[in-house]
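To start, the structure under review is shown below, and the notes come after it.
All chains are named by letter (A, B, ...) in the order of the sequence lines, taking the proteins before the strands, and each is independently numbered beginning at 1. Just so it is clear, the values below take in all heavy atoms, side chains as well, and ignore hydrogens, waters and symmetry mates.
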Protein chains: 2
Amino acid sequence: MMSEKIDLRRIARELNISVSTVSRALRDSHEISVETKQKVFALAHQLNYVPNPYASSLRRQKSKTIGVILPELPNNFFTHVVNGIEYVARQKDYHVLIYITHEQASQEKALIRHLQSGRVDGVLASVCAQTNDIEHFLGLIQLGIPLVFFDRVYEEIGVPTVTTNDYEASFAATEHLIQQGCKHILHVCLPLHLSISRKRLEGFCAAMKKYGLLVDSHSWLVADDMESFYRALETRLIGNCAPDGIFASVEKLAITVYHICQKRGIRIPDQLKVLAFSNLETAALLAPPLTTVTQPAFEMGKKAAEILFRKIEKRREIFEEQHYVIPSALIARASTLGRLSYPKFSEEHVAMNAEK
Amino acid sequence: MMSEKIDLRRIARELNISVSTVSRALRDSHEISVETKQKVFALAHQLNYVPNPYASSLRRQKSKTIGVILPELPNNFFTHVVNGIEYVARQKDYHVLIYITHEQASQEKALIRHLQSGRVDGVLASVCAQTNDIEHFLGLIQLGIPLVFFDRVYEEIGVPTVTTNDYEASFAATEHLIQQGCKHILHVCLPLHLSISRKRLEGFCAAMKKYGLLVDSHSWLVADDMESFYRALETRLIGNCAPDGIFASVEKLAITVYHICQKRGIRIPDQLKVLAFSNLETAALLAPPLTTVTQPAFEMGKKAAEILFRKIEKRREIFEEQHYVIPSALIARASTLGRLSYPKFSEEHVAMNAEK
DNA sequence: TATTTTTATGCAATCGTTTTCGTAAATTTT
DNA sequence: AAAATTTACGAAAACGATTGCATAAAAATA
């Protein structure tokens with residue numbers, strides 16, 4: 001049943017050579033003769049030898065593993081990011097450990113602390129919404145473990161980041177709503193600890209001001225938790241100072257908007273126009289199709305991983321402070337367009353400028 | 001900058017005791033005095049000591065890591081499964097390595113082969129659609145590495161599986177379509193290598209036969225790749241023997257159906273009723289809301305992980321052959337309901353019986 | 001031919017923890 | 001008080017792969 005363990009010793013014994021020779025042969029060292037190498041390769045393959053990664057990692061102080069920390073997994077943005085990361089990791093022959101914080105700072109802290117063990121050669125992280133405490137990340141950095149933030153970043157600490165053009169995309173999205181006739185736009189977002197929340201709110205406010213529209217603390221609504229957000233938003237939407245446009249900072253919040261509208265019979269886009277940062281693959285199939293700011297999720301993951309590997313491969317690199325920005329695309333659909341009634345609508349792609 | 005490494009040796013030296021004592025103290029061994037333990041704990045905490053997992057894994061022959069193999073990540077079903085897995089792994093203080101095969105058998109083989117190295121203590125897998133070669137999985141099993149399949153399984157080899165009640169759910173779904181008046185139902189599915197494809201097709205055929213409806217090789221359409229599937233389906237839907245109902249075996253295919261209907265102006269549910277196995281969180285918001293067979297994704301992941309840990313913890317367990325089945329729920333929405341016109345529709349939950 | 005260099009290999013230390021096996025000292029039992 | 005046991009710790013051998021150093025044999029050079 002359970003066959004005998006296959007290790008270097010076994011191969012060495014069988015070929016009557018030393019363990020070190022086998023090791024070197026398998027790594028294709030130039031100091032091993034061609035015949036020996038061939039014998040070793042052949043036997044290793046025949047025995048289906050796979051080196052023990054823990055022994056190897058211990059000795060070489062290299063885990064061939066990266067850790068990915070993200071707030072939640074069932075989320076179209078993050079899954080595509082992970083796909084991008086996995087794409088690069090695969091090429092580099094690296095393994096990917098996944099950690100989900102569920103937006104809880106305590107879990108994030110515990111995770112990061114654990115990763116100080118050397119289990120991973122580098123970390124990619126998108127921080128959780130619950131806190132803005134960065135202590136734990138500093139610990140990682142002090143140990144010299146490469147770190148790259150994506151999407152939800154801390155820019156203060158000298159760590160490379162990969163984001164989309166949150167401010168500009170948000171500005172353009174707001175402008176789009178205004179051009180469609182909205183005067184009372186409500187911006188709904190996650191806690192303002194988050195970089196994305198702040199930047200997107202800033203872009204929103206700037207656009208509002210540019211067009212002389214009122215912006216005050218009632219112009220946005222922060223979702224601390226989904227239940228209370230649902231209630232607060234519902235109250236707001238059926239009240240007498242209901243907005244005529246909603247700009248959701250993240251997908252999840254837009255879905256809540258749709259649910260409330262469906263429940264309350266609020267007609268989109270006639271009564272209320274809706275727009276959101278979203279990577280929903282069914283955006284075009286919703287009732288009505290949702291206008292989105294679509295983030296380059298896969299590319300962001302890919303780029304973040306590439307930067308991480310660059311850091312892993314040559315640690316010395318002086319120019320730490322790198323902030324990559326990959327632009328999002330505004331895709332206008334029926335939820336914000338004129339008084340076209342479903343299903344007649346057109347799609348329009350507006351790519352925004354990159355910034356580096 | 002990069003602070004000196006903190007290991008057991010360092011703590012031992014600092015406290016003037018031996019390394020073995022420190023190790024035992026940290027594992028709270030009874031053969032270490034209370035005072036010594038306290039000193040060790042205090043210093044370890046102060047120095048922010050985190051044990052090297054590779055050294056530990058090497059010595060204990062235990063990685064505290066499990067591997068999850070799945071065909072794709074941006075998929076509502078799989079992300080919830082991974083969430084369930086992560087939930088259990090977290091409790092057990094285990095780490096989760098993620099591997100995505102992208103439906104390619106070659107990648108699956110390579111991955112599984114790599115996992116024979118002892119990198120993981122166990123493997124959870126949902127097999128890829130491209131092949132039905134199981135050789136590589138047998139290799140894992142022979143090495144005594146616990147394996148559990150979920151969703152897309154191979155039942156032939158004696159490995160525990162966690163699935164939903166594919167046959168029954170499929171039967172009930174088909175019955176639902178028939179009861180709504182469909183006579184010419186087209187079942188669209190993934191390649192029939194896959195357990196889920198076969199079982200769902202069987203459930204579909206059985207229900208059709210029960211109601212005396214014709215079933216032949218034109219009753220189903222297999223999606224080998226999405227491009228040709230799109231074309232084949234489009235041709236079928238606009239042809240003169242177009243079906244009046246579509247039952248999609250997986251979410252992705254239903255989305256294609258919606259896209260084609262939107263493009264071709266086919267009205268759902270008037271002209272065509274649509275139903276799918278799906279965990280789409282926006283199912284109720286689509287135009288029209290999509291009737292789904294919703295799988296208990298999180299629970300499936302959770303259960304699969306629990307079984308895996310049971311195998312990891314006590315390998316001897318004789319009763320290998322365990323097949324867990326967790327029932328899906330049919331949620332009827334507008335896409336299959338009478339001639340109600342959007343947005344008036346009602347939701348109805350039909351839970352089906354469990355089977356063990 | 002004597003000497004140096006190259007080639008191909010083996011020995012043994014190392015990575016950081018865990019654990020088996022001892023063993024003084026302290027404690028309990030006869 | 002002698003003997004047996006318990007307590008608390010240390011020395012050293014693992015775990016499996018890698019690698020610096022040493023070295024015999026072969027080849028190249030003087």
Side-chain angles (χ1 to χ4, degrees), chain A residues 4-41 43-44 47-65 93 114-121 143-144, chain B residues 3-41 43-44 47-65 93 114-121 143:
Chain A
E4 198 210 337
K5 190 176 356 184
I6 312 289
D7 55 10
L8 289 185
R9 210 180 342 263
R10 165 81 184 276
I11 296 178
R13 200 185 326 125
E14 212 129 319
L15 292 176
N16 224 23
I17 55 180
S18 79
V19 172
S20 45
T21 300
V22 177
S23 173
R24 277 187 266 248
L26 288 174
R27 311 198 126 259
D28 204 21
S29 160
H30 65 278
E31 29 182 6
I32 301 298
S33 72
V34 184
E35 312 99 68
T36 307
K37 277 187 199 171
Q38 282 176 346
K39 279 194 302 184
V40 172
F41 278 132
L43 185 58
L47 294 178
N48 198 24
Y49 168 76
V50 190
N52 181 313
Y54 295 104
S56 180
S57 292
L58 177 59
R59 178 60 229 248
R60 311 186 90 187
Q61 304 288 50
K62 209 125 199 30
S63 65
K64 284 248 163 200
T65 304
D93 207 25
H114 183 99
L115 292 184
Q116 309 203 357
S117 63
R119 186 181 284 274
V120 297
D121 294 344
L143 251 82
Chain B
S3 42
E4 198 210 337
K5 191 175 355 186
I6 312 290
D7 56 10
L8 289 185
R9 207 177 350 256
R10 165 83 185 274
I11 297 179
R13 200 185 327 127
E14 211 130 320
L15 291 176
N16 223 23
I17 55 182
S18 79
V19 172
S20 45
T21 300
V22 178
S23 174
R24 276 187 270 247
L26 288 174
R27 308 197 128 260
D28 204 23
S29 159
H30 65 277
E31 30 182 4
I32 301 298
S33 72
V34 184
E35 312 98 67
T36 306
K37 277 187 199 170
Q38 281 175 347
K39 280 193 302 182
V40 172
F41 278 132
L43 185 59
L47 293 178
N48 197 26
Y49 168 76
V50 190
N52 182 312
Y54 294 104
S56 180
S57 292
L58 177 59
R59 179 60 230 243
R60 311 187 88 188
Q61 303 288 55
K62 211 133 199 19
S63 65
K64 285 251 165 196
T65 303
D93 206 25
H114 183 101
L115 291 184
Q116 309 202 358
S117 63
R119 186 181 284 273
V120 297
D121 293 345
L143 251 83

*Are any of the side-chain heavy atoms of Val40(A) and Ile17(A) separated by less than 4.5 Å?*
yes
_Side chains of Tyr49(B) and Leu43(B) in contact at under 4.5 Å (non-hydrogen atoms)_ = no
_Partner residues of Glu14(B) under the side chain to side chain donor-acceptor pair (under 3.5 Å) criterion, sequence neighbours left out_ = Arg10(B)
*Rounded to the Å, how far apart are Gln38(B) CD and dA8(D) C1'?*
15 Å
*Atom CD1 of Ile32(B) and atom C1' of dC9(D): how far apart are they, to the nearest Å?*
6 Å
*Excluding sequence neighbours, so at least two apart, what forms side-chain contact (heavy atoms from CB on, under 4.5 Å) with Thr65(B)?*
Tyr54(A), Leu97(A), Arg119(A), Ser63(B), His95(B), Leu97(B), Val120(B)
*Span of DNA chain C, from the first to the last nucleotide whose atoms fall under 4.0 Å of chain A heavy atoms*: dA8(C) to dG16(C)
_According to salt bridge (charged side-chain N to carboxylate O under 4.0 Å, His left out), who are the partners of Asp93(A), at least two apart in sequence or on a separate chain?_
none
*Can you pull the side chain to side chain donor-acceptor pair (under 3.5 Å) pairs that have at least one residue in residues 17-28 of chain A, sequence neighbours excluded?*
Ser18(A)-Ser20(A), Ser18(A)-Thr21(A), Asp28(A)-Lys37(A)
_Does Thr36(A) reach a base, just sugar-phosphate, or nothing at all? Heavy atoms under 4.0 Å._
sugar-phosphate
*With the sugar-phosphate defined as primed atoms, P, OP1 and OP2, and the base as all remaining atoms, what B/S/- string results for nucleotides 12-18 of chain D, 5' to 3', for protein heavy atoms under 4.0 Å?*
BBBBBBB
_Distance (rounded to the nearest 0.5 Å) between Ile11(A) CD1 and Lys39(A) NZ_ = 12.5 Å
_Would you compute the distance between atom CG of Leu58(B) and atom CG of Asn52(A) and round it to the nearest 0.5 angstrom?_
6.0 Å
